[in-house]
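If you're wondering where the values come from, they're calculated on a predicted model, not measured in any experiment.
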Amino acid sequence: MPTTTVSAFANWPFVSPRASIFVGTPDDIADEINRHVQTDAADGFVFAPHLTLGGFDEFVEEVVPLLRERGVYRAEYREKTLRSTLGLPDQLSDTASPNVAAAMLTRGPC
């Protein structure tokens, strides 16, 4: 059985066997992402910065505007909060259990 060092494993660029890999011009990539969205093959994507040479600058500058033109990438949300977007009430009721982090800020740790 081959051995792998912790360092080699930590630096291994894991890609799921089910992952889609987008390669090409910005227009090619936007077309492929759009195809996935339009065929209901995806409702979101996770991009791995450690696998993207140069980070996301080029993607944001070149691909995102094309996705916006195609109506695939939102520039704004109708709702003001994530809770509203998910159809939840904006404010928790008075009877809701307190947020642990908020309690720690006001009372300090137990």
For [X], enumerate each residue passing the side chain to side chain contact (heavy atoms under 4.5 Å, CB included) test, keeping only those at least two apart in sequence or located in another chain.
{"X": "Asp27", "value": "Thr25, Asp31, Leu66, Arg70"}
{"X": "Glu32", "value": "Phe22, Arg35, His36"}
{"X": "Leu82", "value": "Leu86"}

*Check whether any side-chain heavy atom of Ile29 lies under 4.5 Å from a side-chain heavy atom of Pro26, and answer yes or no.*
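No, side chains not in contact.
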*Beyond-backbone contact of Val37 with Phe45, side-chain heavy atoms, under 4.5 angstrom*: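 Yes, their side chains come closer than 4.5 Å.
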_What's the separation between atom OG1 in Thr85 and atom CZ in Arg74, rounded to the nearest 0.5 Å?_
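Rounded to the nearest 0.5 Å, the OG1-CZ separation comes to 7.0 Å.
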*Rounded to the nearest 0.5 Å, what's the gap from CG on Asn34 to OH on Tyr73? Could you check?*
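Those atoms lie 15.0 Å apart.
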*asked:* Test your reading of the model: is there a side-chain donor-acceptor pair from Arg83 to the backbone of Pro89, 3.5 Å cut-off?
replied: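 Indeed, once roles are kept as given, a pair shorter than 3.5 Å links the two residues.
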*Without swapping roles, check the side chain of Ser84 against the backbone of Lys80 for a donor-acceptor pair under 3.5 Å.*
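Between the backbone of Lys80 and the side chain of Ser84 there is no qualifying donor-acceptor contact (under 3.5 Å).
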*asked:* Before you tell me yes or no, could you show the steps for Gln38 and Val72 under side chain to side chain contact (heavy atoms under 4.5 Å, CB included), namely the whole-Å CA-CA distance, both residues' side-chain angles and the distance that decides it to 0.1 Å?
replied: CA-CA 9 Å; Gln38 299 307 322; Val72 178; 4.0 Å; yes
